[in-house]
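Working notes, structure below.
Everything numeric here is computed off the predicted structure, so don't read it as measured data.
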Amino acid sequence: MHSNREEGSELLDTGVGNGTPAGRVPGPCDLVTVPARHGLEAVDILRLRDGVGPVLHDRAGDTLGFLVPPGTADCWDLPGSACTQTYGPGARSASSEPPVAGTGWLVPPEGAYAHATEPAELRAALGEAARTIAAAGRV
């Protein structure tokens, strides 16, 4: 992936095709966490729509975390999920390590379509995932 921005830019661009340099964690972000089953369904939905950003998994496999633009935690209120800041204002991570201890990459930054998943797209995908899981339970 190539970027028109200069290395070290403070902007968090969530546009498709402007990928984070390989192996690098995007700039400041928030993290939406969900149960793994819902998260895996949502990842599949977002991949089909070219909208998935980097995604973390916990080592136990119980939870997935979607990197979303900073500020999302201030207004996130979807039941069954939580949203927290992973970096303080102005903080940056330049390593390939996930921004949260005890996690690994399910969708690494270099494999994502965007620097972060757009909150509205994530909310829609999680809703669709919940409906899919509920329907599968009725079969």
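Among all heavy-atom pairs drawn from Asp30 and Ala73, the shortest one is OD2-N, 2.8 Å. Across all their heavy atoms, Leu64 and His57 have their closest contact at CD2-CB, 3.6 Å. For the residue pair Pro54 and Pro109, the shortest heavy atom distance occurs at CG-CA, 3.8 Å. Considering every non-hydrogen atom in both Leu46 and Ala125, the closest pair reads CG-CB, 3.8 Å. Heavy-atom minimum distance, Trp76 versus Ser81: NE1-OG, 2.7 Å. When all heavy atoms of Cys83 and Val32 are compared, the closest pair comes out as SG-CG2, 3.7 Å.
Between His38 atom NE2 and Thr63 atom OG1 the span is 12.5 Å, to the nearest 0.5 Å. Between Arg37 atom CZ and Ile133 atom CD1 the span is 5.0 Å, to the nearest 0.5 Å. Distance CG/Leu122 to CG/Leu78: 8.0 Å, rounded to 0.5 Å. In this structure, CD1 in Ile45 is found 12.0 Å from CD in Glu121, a value given to the nearest 0.5 Å.
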Apply side-chain contact (heavy atoms from CB on, under 4.5 Å) to Val43 and Phe66, showing your working. CA-CA 9 Å; Val43 166; Phe66 293 82; 3.6 Å; yes

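A donor-acceptor contact shorter than 3.5 Å is absent between the side chain of Thr72 and the backbone of Val68. Using modelled atom types, one side-chain atom of Thr117 and one backbone atom of Gly53 make a donor-acceptor pair closer than 3.5 Å.
In this structure, Leu56 and Leu106 have side chains that are not in contact, with every pair of non-hydrogen atoms separated by 4.5 Å or more. For the pair Arg47/Val107, a side-chain contact is recorded, criterion being any heavy-atom separation below 4.5 Å from C-beta on.
Electrostatic pairing of Arg49 and Glu118 does not count as a salt bridge here, judged by no charged N lying under 4.0 Å from a carboxylate O. The pair Arg123-Asp77 counts as a salt bridge, with a side-chain nitrogen and a carboxylate oxygen less than 4.0 angstrom apart.
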